[in-house]
Each structure stands twice: as structure tokens, then as C-alpha cells.
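Have a look at the structure below, then the notes.
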Protein chains: 2
Amino acid sequence: MNIGDIAKRTGLPAKTIRYYEEIGLVTPHREANGYRVFDDKDMHRLTFLARARALGFPIEDCRTLLALYKDDTRASADVKRIAQDHLAQIEDKILQLQSMRDTLTHLVRECAGDNRPDCPILKDLAKG
Amino acid sequence: MNIGDIAKRTGLPAKTIRYYEEIGLVTPHREANGYRVFDDKDMHRLTFLARARALGFPIEDCRTLLALYKDDTRASADVKRIAQDHLAQIEDKILQLQSMRDTLTHLVRECAGDNRPDCPILKDLAKG
DNA sequence: CCTTGACCTTCCCGTCACTGGAAGCCTTAT
DNA sequence: ATAAGGCTTCCAGTGACGGGAAGGTCAAGG
């Protein structure tokens, strides 16, 4: 399969797949004309990557997860730790965003949104 | 005030303040020796920026908000629209993160986390 | 007067995970 | 023969800074 086909099948942009090759996450073969050829193993790795990225794992986590996946002697504890750490980061982020959302919701509700200059949003930002 | 003092007072790193000057968000004077000098107006702008950034507004929104703040003839509707758009983005992001969190929480709960290789997290990532 | 340490300056590179675009080669169909 | 579309590499940009180097400045102490 060429890069366009695999892109369609994995849902990953061709650019992203080239980038993954550049950083060593996949190593497709090359045809005589220089084109990349992807086999089922590449397909599988890319699908794995797509799912891991969709769960928000950073690239380096993905690399580690792929290595663990390949390693039959892995301990599930190693996988779990990575997932838990990532989960903790996500939960932190959610809390931050919820706090922003709450403040913003309040401010937006207070603001008349008409053509007068008086604005509680700006007032709040300015009050420090 | 020198940059170190204003950094302490605003809570912004000196590096950030220099960056804000570079992109035109503040324009402190310069002493004969080249040092930046910040007055109360700069202080006020930086405090405004710190608060707006803390609410997650992107830099370009901050620039616009500062301009609106300065403009006595503004319509509060303009401010409100910016805040609402930003709020919508935050809510989107929260939903994405919550979806990730839910999946991860489930997977982590399923995983034994011992030294055996069997791992539902990897299984899920691999299944595509 | 000299030095030390704490400031300050600019400049450049690195972050993260791509994305856009240019310039040019390859393949397939007409 | 040519045109369309796919492929290649390489370079630059994103957002909002952070790290660190090389060097100027200032106040206090010996």
C-alpha cells in the first residue's frame, strides 16, 4: 500500500505518517521509485498509534506503549503506570479548564452584550 | 521599576514580559543603560494580561481585549463575543478530555497492574 | 580600587506534534 | 504528448514561551 491508501485506512494524514517515520515510529519499506510501501504490520502499528494519540498519550508514551506491546515479557504494571500518569494529567487539565469555564460563564452571564461600553468582563480582567 | 520587580509583582516570569514586549503587548521605556523601566500603566497592562491568560484567552484575544479596554466607545457585545467563543472552545476541550478520561479510567480499572504481560489497555489500543 | 554577586541585555535554539507549501519526480489515463 | 493526481524531500511556521550562552551594569564589601 502507498501512503495515500494507508492514510485513508488509518484516518491519519499522510503528513503525520511521514512524521512518524521520521521519528522512528514506523519503518515502511521503499519501492524502487522511492515510494513508501506499507504492509499489514505497519498498518497495525499506525492503527495502534492513532488510538493511543486519540486517548491523548504523548508521542513518547506511544513509543513506549508500542515497545511494551511488542514485548511478550512485559509487566502489565508498566503499562498501567503510564496510563495512570497520563490519566492524572488529563484530570488536572480538566480541573483547570472547569475553573476557567466557571469564571467565564459567570462573566459572560453578567455582560449585557449590547452597544454600550460598560462591561463586567473587562472590569474583572482589569481589577487584578 | 526594573523587569525583576515587575515580574515579582505581576507573577509573570521576566522572560514572558520580554516576550510580551517583543510582540507589542507592552512598551516599557528604556533607561540610558538599556534596562527596561515599567511604570504603573505597564503594570496595569501586565496584570490584565496575566488575568486574561489565566482564563485561557489566547494572546491575540488578549491583544484585542486590551484594545477594547482602552477604547471608551467599545460595545460590550464585542467583548462578550470573544469571551463566548473562548468559552465554547473550553467546553469543547473539556468534553474531549472527559471522553479520554472515561475511556482511560475504564481501561486502568481493568488492568491488573502486576508482573504478568496480559493487559487490557494494550489489547484495547491494538484492537483498532 | 577591585572584586563578587545579582541584576540586566540580546540572541539563538528547543519545545510538541504536527501543518502548509514549494519544487520536482512518477504513474496512469486520455 | 499531456494533464491530473500521487509521491518525494526540504524548509518554515504554529503558540507561548523556557533554557542557556555571552556579555554589560550596578551596589556592596574588602
Side-chain angles (χ1 to χ4, degrees), chain A residues 1-38 42 45-46 48-66 82 85-86 89-90 92-93 96-97 100, chain B residues 1-38 42 45-46 48-66 82 85-86 89-90 92-93 96-97 100:
Chain A
M1 273 185 297
N2 283 353
I3 200 166
D5 307 318
I6 202 100
K8 247 172 250 160
R9 303 230 287 180
T10 59
L12 292 169
K15 277 270 188 187
T16 298
I17 297 171
R18 286 194 197 99
Y19 173 67
Y20 288 171
E21 184 191 22
E22 192 188 327
I23 63 174
L25 289 179
V26 274
T27 49
H29 288 145
R30 297 291 182 131
E31 286 184 85
N33 61 15
Y35 284 22
R36 292 168 181 84
V37 201
F38 297 84
D42 298 319
R45 282 178 78 83
L46 287 168
F48 187 106
L49 284 166
R51 274 187 71 74
R53 293 287 302 129
L55 288 177
F57 285 105
I59 289 280
E60 287 314 308
D61 280 4
C62 294
R63 193 191 299 280
T64 309
L65 290 170
L66 272 171
I82 292 172
D85 289 357
H86 176 48
Q89 303 248 337
I90 286 181
D92 264 23
K93 191 79 194 176
Q96 284 174 35
L97 288 173
M100 290 178 188
Chain B
M1 274 186 296
N2 284 352
I3 199 166
D5 307 318
I6 202 101
K8 246 172 249 159
R9 304 230 287 180
T10 58
L12 292 170
K15 276 270 185 186
T16 298
I17 297 170
R18 287 195 196 98
Y19 172 66
Y20 287 172
E21 185 193 20
E22 193 189 325
I23 62 173
L25 289 179
V26 275
T27 49
H29 289 144
R30 297 291 182 131
E31 286 184 84
N33 61 15
Y35 285 22
R36 291 169 182 82
V37 201
F38 297 84
D42 298 319
R45 282 179 79 84
L46 287 168
F48 187 104
L49 284 167
R51 273 187 71 75
R53 292 288 301 130
L55 288 178
F57 284 106
I59 290 280
E60 286 314 306
D61 280 5
C62 293
R63 193 191 299 279
T64 309
L65 289 170
L66 272 171
I82 292 171
D85 288 357
H86 176 49
Q89 303 249 333
I90 286 181
D92 263 23
K93 191 81 193 176
Q96 283 175 34
L97 289 173
M100 290 178 188

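In what follows, every chain begins at residue 1, and chains take the letters A, B, ... in the order their sequences are listed.
Taking a heavy-atom distance under 4.0 Å as the criterion, the stretch of DNA chain D touched by chain A extends 5' to 3' from D:dG6 to D:dC10.
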For this session: Determine, for nucleotides 25-30 of chain C in 5'-to-3' order, which nucleotides have protein heavy atoms under 4.0 Å from the base (write B), from only the sugar-phosphate (write S), or from neither (write -).
Result: -BS---

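Residues A:L49 and A:T16 form no side-chain contact, since every pair of their non-hydrogen atoms from C-beta on lies 4.5 Å or further apart. No side-chain heavy atom of B:L25 sits less than 4.5 Å from a side-chain heavy atom of B:Y19.
Listed by first and then second residue, the salt bridge (charged side-chain N to carboxylate O under 4.0 Å, His left out) pairs that reach into residues 12-30 of chain A are A:E21-A:R30, A:E21-A:R36, sequence neighbours excluded.
Residues that satisfy the salt bridge (Lys or Arg N to Asp or Glu O under 4.0 Å) test with A:R63, not counting sequence neighbours, are A:E60. In this structure, the side-chain contact (heavy atoms from CB on, under 4.5 Å) partners of A:F48, at least two apart in sequence or on a different chain, are A:L65, A:L66, A:Y69, B:L122, B:L125, B:A126. Partners of A:D5 under the side-chain contact (heavy atoms from CB on, under 4.5 Å) rule, at least two apart in sequence or in another chain, are A:M1, A:N2. When the side-chain contact (heavy atoms from CB on, under 4.5 Å) test is applied to B:P58, the partners found at least two apart in sequence or on another chain are B:D61, B:H86. In terms of the side-chain contact (heavy atoms from CB on, under 4.5 Å) criterion, residue partners of B:Q96 (sequence neighbours excluded) are, by chain and number, B:K93.
Across all their heavy atoms, B:I90 and A:L97 have their closest contact at CG2-O, 3.7 Å. For the pair B:L46 and B:I6, the tightest heavy-atom approach, listed with the atom from each and the gap, is CD1-CG1, 4.0 Å. Across A:C62 and A:R53, no two heavy atoms sit closer than the pair SG-CD, 3.8 Å.
Residues of residues 15-32 of chain B having a heavy atom closer than 4.0 Å to DNA chain D, listed by number: B:K15, B:T16, B:Y19, B:Y20.
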For this session: Output, in order, the C-alpha distance, side-chain angles, deciding distance and verdict of side-chain contact (heavy atoms from CB on, under 4.5 Å) for A:R9 and A:F38.
Result: CA-CA 11 Å; A:R9 303 230 287 180; A:F38 297 84; over 6 Å; no

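Rotation axes derived from the C1' atoms of the five outermost pairs at either end of the helix from C:dC1-D:dG30 to C:dT30-D:dA1 lie 30° apart, to the nearest 10°.
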